[in-house]
Amino acid sequence: MEEYLSQLNEAQLAPTIHTEGALMVIAGAGSGKTRVLTYRIAYLMHKGVDPFNILSLTFTNKAAREMKERIAQIVGKSEAKNLWMGTFHSIFAKILRFEADKLGYPSNFTIYDSQDSQRLISSIIKEMSLDKDIYKFKQVHSRISSFKNSLITVKAYFNNPDLMEADAMAKKPRIGEIYQHYVDRCFKAGAMDFDDLLLRTNELLNRFPEVLAKYQNRFKYILVDEYQDTNHSQYLIVKALADRFQNICVVGDDAQSIYAFRGANINNILNFEKDYDNVKTYRLEQNYRSTRNIVEAANSIIDHNKTKLDKIVWTANDDGPKIIVNRLPTDGDEGRYVASSIFENQMTEQRKASDFAILYRTNAQSRAMEDALRKRGIKYRIYGGLSFYQRKEIKDVLAYLRLITNPKDEEALKRVINYPARGIGATTIDKLVLAANHYKCAIFQVMEGIDRIPELKINAGTKTKLQNFVNMIKSFQVTNQTADAFTLAEEVTKKTGLVQEFKKDATPEGIARIENVEELLNGMRDFVEGQKEIDEATGSLAEFLEDVALATDLDKEVDDEDRVALMTIHLAKGLEFPYVYIVGMEEDLFPSGMSMNTRSELEEERRLFYVALTRAEKQAYLTYTLSRYRWGKLIDAEPSRFIEEIDDKYLENLTPIDSYRYKSLINTDIFGAVDKSKLRQTKPVSSTPPPSHKPTDDQLQKLRKLRPISKGSQKVDTETMNKLVPGTRVEHMRFGIGQILNIEGSGQDKKAEIKFTQGGIKKLLLRFAKLKVL
DNA sequence: TCATTGGGCTTTTTT
DNA sequence: AGCCCAATGA
C-alpha cells in the first residue's frame, strides 16, 4: 500500500480506495474531506488511471490549485498538470471555447461578469421604455439568472403559463421580453454570462451526441466537491458526463449548504442515492479541526434545523475554552473590542496575525473592523467586497483589452468609447445602438460601416471621431498578433490616454488608482511568464481575460504578509483559523432581514452560522451590538436568535443578559408586542448530548434514532393567529400592504399566501412574518 | 457635448 | 454615509 494512505483514518481510507462506481461522501466540517479527494486522485493515478481521464470539480480555483499542488507532491509534477481540475465555470469555459463554433459562438467569446449583465439589462429596460422603478435591473437579473440555472430558455419561458402568470402578478409582465432581448444581445456580442457557461454546456451536451460521447469517454472518473452547493444546471452536466462510466464521487455536507440563493439545490445531495445505481455512502464524522466545545456548540445549532441528513460530528480533541460572547454599545465599539482582543491574544498566546479571522454577514460590516484594526496598527486584508478586478480603473483597462479580442463585446465598447472623453456622447451612442439593433449586428460593426448607413444622421465631425476610435482598436489588434498580453496592455494604457486621464487626479484615491493599474500590468507580466511553462497555454490575451473573469478574490496571489483576514462567512467556507470572531450577531443582520420569512431561508442562515463557527480551531468569539450604523443612521439592534440556540454550557457571556433588551422576534407576537412571560422559553431543550469521545457503532445507531427531527418549541398566540383568514388586509414590515389569499398548514407551520400591492404574491411563515392586521 | 450637483438608493450572501 | 445616475447649466 502506498505510503501516503497511512495518513488516513479508517473512515477516510474507505472512500479513498473505493474507485469504481458511484459513491457519496458525507463529510462533516473539519473531517478531512479535501484530504480524501486529494489522495483519492493520487490513488487513481497510482492504479494507472491517466490524469486526462480524471475530472475534478471544485468550488474555488484556489482549492483546485492547492489540491493540484498536493497531488503533484505525491505523483510528480508532470503527471499532475494533466489533471482536469477547477471550478465548474472555468472547466466548462475551456470546453466551450473549444466547441464554440457548434453553438454559433466565436471561440474568443467574452465572459460577462454580473456588472456587465446588469448594465446590459439596464439599457434594455431603458430602450424598452419601461419604468425602472418597477423593473429593477438587479431583480430582473436575478430572475433571469434563476431561469438559466433551471434550464428555462426563453422559449421554455413563453411555453410556461405559470411563470408568465407569476411575473404578471408581480406587475412585471414583460420579463420574458427582457429575457429575450438580453439573450439576443449577449449572443450578438459574442458574450456569455456566468450562467451561460453552465447553460450552454448543457446545450452542447444535449444537442451534439458526438460531443457528449467524446467528453463522457474522456472523463472516466469524476469527482465533485461541495456537491451540496451545485445548482440544477451543474447537476445535469455532471449527470450527463457521468452517465457512461458512472464512476462518480461526490463530496459534500448538507449542513454547509449556503448557496440556495443562487440556485444551489440541496436536493442534489439529498437525492444522490436515487440518481445512480448501487450508490455507496460514506460518512466522515470525526472532526480534526476544532475543540470539543466548538464542535458540540455547532452541533447544537444545526440541531434546530429540520431538513438535514443523518450525521453526527464528534471530535477527540480537547474541550478547549468556551465560546466568548460579548455585547457592545455600537459597531465602533465592536470593532475596538475585536481589535484589542486580537492584540491581546497575539501577545499572550504568541500568535501571528494570520491566525485570526473576522467573519461577518455583509461586506458593509468590514468598515468598522478596518478602522479599529488600523488604529491598533494590526495588519489585515479584506477579501471579497469590491474585488480587485471589479474596480473601475481596472475594468476600464480590461474593457479595452476585451474589445481588442472581441470587438462585438457591447458592454466593453460602451464603457470605453468615450472614456477618456473623445467627444462621442450619449446621443451618438444611442443612435449606434438603435442601428445595431435594427441591423442585428454589433455596435462596432455599425461603426465600421458608418458610411453605408446615411440615415443615421451623424455629422461629419463625430463620424471622424468614431473612425479614429475604430482605427485605434484595429491597430491594437495588429499589435496583439505579435506582442504578448503585457506589452499590448502597456501600449493600450498609453495610447488611449488612460494613463494621462488617471494622472489628472492627484488625490490619494487617484494615486491608488494608478497603483492599481500598475499592479494589473505587473500581474499580466507574471501571467505571460507563467504561461510559458504550461504546454497548451499560449499566454494569449484571451486566456488572461478568461482567468480574470473567473477569478475570485480568494484566488489572487498575495504577498506572504502576515495579516488578519476579514471576509464574509460565505467566502470563509472551506477555510480554517485558530481564532475566529463572528461579529454582528444581531437579528435582522444575522439572520438577515431578507431571509427570515420562510423556514428554508432561515435554515440556510442557520447553516451559515454553522459554517462560521466551524471555521474556528481553538477559540471562537461572538459579538453583537445594541445599536449600529446602517444606511448612515444609528439603529437599535437586538441579539441574534442564534446565540440563544447554543446551549449555555458552551458559552462564556462577558456581558450577562439584560432581560429587557434580550427579546427575540420569536417571542414577539404577530402584532409586535413582547410577551415577557415567554422571554426565556426558547432555550434549547437539551437534546441527546453529543458524544464526547468516539461513539461505538451501536451508540451511533441509537443516537441517529433518538435525534429529534424538529423542535417546534416556539409558541405563538393562537387567538391572534386565528384573526388571519383569507381576505384580511395586513401590513408587512418589508413588503408593505397586502391581502391574505390563502392560509395553509397549521400550528407552527401555518403559512399565509399574501398578495402585496407591490411585490406580488408571497408565501410567509406566520411565526416569522411580522404582520400587522389593518 | 461636458462638468457639476443634488437626489435617491443602498445592504445579503457570489461564480 | 457613500455611490451612481439624472437633470441642469455652460
Side-chain angles (χ1 to χ4, degrees), chain A residues 57-64 86-93 111-115 117-119 122-123 126 132-133 136-138 141-142 145 148-149 192-199 226 229-231 233-234 257-264 331 359-368 371 383-387 389-390 392 418-429 459 461-462 465 504 509 546 548-555 567-573 584 588-596 601 604-605 607-609 611-612 628-635 734:
Chain A
L57 296 164
T58 57
F59 201 65
T60 62
N61 292 309
K62 185 175 170 234
T87 61
F88 273 91
H89 290 85
S90 62
I91 294 274
F92 294 113
I111 297 170
Y112 275 180
D113 68 12
S114 304
Q115 199 192 11
S117 301
Q118 290 178 359
R119 283 183 178 214
S122 250
S123 41
K126 207 168 168 185
K132 67 175 166 47
D133 296 328
K136 299 197 172 157
F137 64 91
K138 274 189 185 168
H141 178 234
S142 92
S145 173
K148 288 188 170 183
N149 286 325
M192 295 206 196
D193 67 12
F194 286 140
D195 306 316
D196 280 330
L197 296 176
L198 306 173
L199 180 68
E226 307 283 9
D229 285 325
T230 50
N231 62 32
S233 198
Q234 293 168 320
S257 158
I258 54 174
Y259 283 103
F261 74 90
R262 72 170 196 216
D331 47 353
L359 307 181
Y360 35 77
R361 179 67 235 273
T362 68
N363 283 306
Q365 287 165 262
S366 69
R367 171 150 282 147
D371 290 346
Y383 295 80
L386 237 206
S387 90
Y389 294 117
Q390 289 169 354
K392 185 193 167 299
N418 198 32
Y419 187 81
R422 49 176 74 87
I424 303 172
T427 327
T428 311
I429 294 170
N459 65 45
T462 313
K465 288 173 188 163
K504 270 198 248 166
E509 296 82 31
E546 177 174 317
V548 165
L550 300 175
T552 61
D553 213 30
L554 239 33
D555 294 327
M567 65 183 91
T568 62
I569 301 166
H570 282 89
L571 225 48
K573 194 169 72 155
D588 226 35
L589 186 59
F590 194 22
S592 157
M594 317 289 282
S595 305
M596 291 196 294
E601 282 177 335
E604 176 148 316
E605 294 285 307
R607 290 192 295 270
L608 195 54
F609 184 40
V611 168
R628 101 171 28 245
Y629 276 98
R630 281 176 97 180
W631 312 286
K633 276 174 134 168
L634 198 61
I635 59 147
R734 231 161 26 86

Can you name the residues that form a ring-ring contact (aromatic ring centres under 6.0 Å, His included) with A/Tyr419, not counting sequence neighbours? none
A/His141 atom NE2 is separated from B/dT15 atom C1', nearest whole Å, by 11 Å
Rounded off to whole Å, could you give me the CD1-to-P distance for the A/Ile258 and B/dT15 pair? 11 Å
Rounded to the nearest Å, what distance is computed from the NE2 atom of residue A/His570 to the P atom of nucleotide B/dT15? 11 Å
Would you kindly compare A/Leu589 and A/Thr428 by the position of their nearest DNA chain B nucleotide and give the one closer to the 5′ end? A/Thr428
Nearest-Å distance for atom pair CZ/P, residues A/Phe261 and B/dT15: 9 Å
Does A/Lys148 pair with A/Asp193 as a salt bridge, N-O distance under 4.0 Å? yes
Minimum-distance nucleotide to A/Arg262 side chain [options: C/dG2, B/dT15, B/dT11]: B/dT15
Do the rings of A/Phe59 and A/Tyr259 sit parallel, tilted or perpendicular, given the 30° and 60° boundaries? tilted
For A/Lys126, is the NZ atom crowded, meaning more than 12 foreign heavy atoms sit under 6.0 Å from it? no
Phosphate-side-chain proximity, A/Asn149 and B/dT15, N/O vs OP1/OP2 below 4.0 Å: no
Provide, to the nearest angstrom, the distance between the CZ atom belonging to A/Arg630 and the P atom belonging to B/dT10. 13 Å
Under 4.0 angstrom between A/Asn418 side-chain N/O and B/dC2 OP1 or OP2: yes
Taking only N and O in the side chain of A/Thr568, is any of them less than 4.0 Å away from OP1 or OP2 of B/dT14? yes
Does A/Lys138 put a side-chain nitrogen or oxygen below 4.0 Å from OP1 or OP2 of B/dT11? yes
Selected nucleotide, minimal atom distance to A/Lys136 side chain, candidates B/dT10, B/dT14, B/dT12: B/dT10
When all nucleic acid strands are considered with a 4.0 Å heavy-atom cut-off, which category describes A/Asn363: base, sugar-phosphate, or nothing? sugar-phosphate
Value in whole Å for how far the P atom of B/dT13 lies from CD of A/Glu226: 20 Å
Any A/Leu589 side-chain heavy atom under 4.5 Å of A/Tyr360 side chain: no
Please report, rounded to the nearest Å, how far the P atom of B/dT14 is from the OH atom of A/Tyr360. 9 Å
Nearest nucleotide by nearest heavy atom, which residue falls closer to the 5' end of DNA chain B, A/Gly632 or A/Ile424? A/Ile424
If I take atom CG in residue A/Leu57 and atom P in nucleotide B/dT15, what distance separates them, rounded to the nearest angstrom? 16 Å
Looking at A/Ser114 and B/dT15, is any side-chain donor or acceptor paired with a base atom of the opposite kind under 3.5 Å? yes
Would you check if A/Tyr259 stacks with the base of B/dT13, given a 5.5 Å centroid limit and a 30° plane limit, both strict? no
When the P atoms of B/dT13 and C/dC4 are compared, how many Å lie between them, rounded to an integer? 15 Å
Which atom names give the shortest non-hydrogen contact between A/Ile569 and A/Leu608, and what distance separates them? CG2-O, 3.4 Å
Starting the side chain at C-beta, find the nucleotide from B/dT15, C/dA6, B/dC2 nearest to A/Lys126. C/dA6
The nucleotide from B/dT12, B/dT10, B/dT14 with an atom nearest the side chain of A/Trp631 is B/dT10
Among B/dT12, B/dT15, C/dG2, which nucleotide sits nearest the side chain of A/Thr87? B/dT15
Nearest-neighbour nucleotide for the A/Leu571 side chain, B/dT14, B/dT12, B/dT11 considered: B/dT14
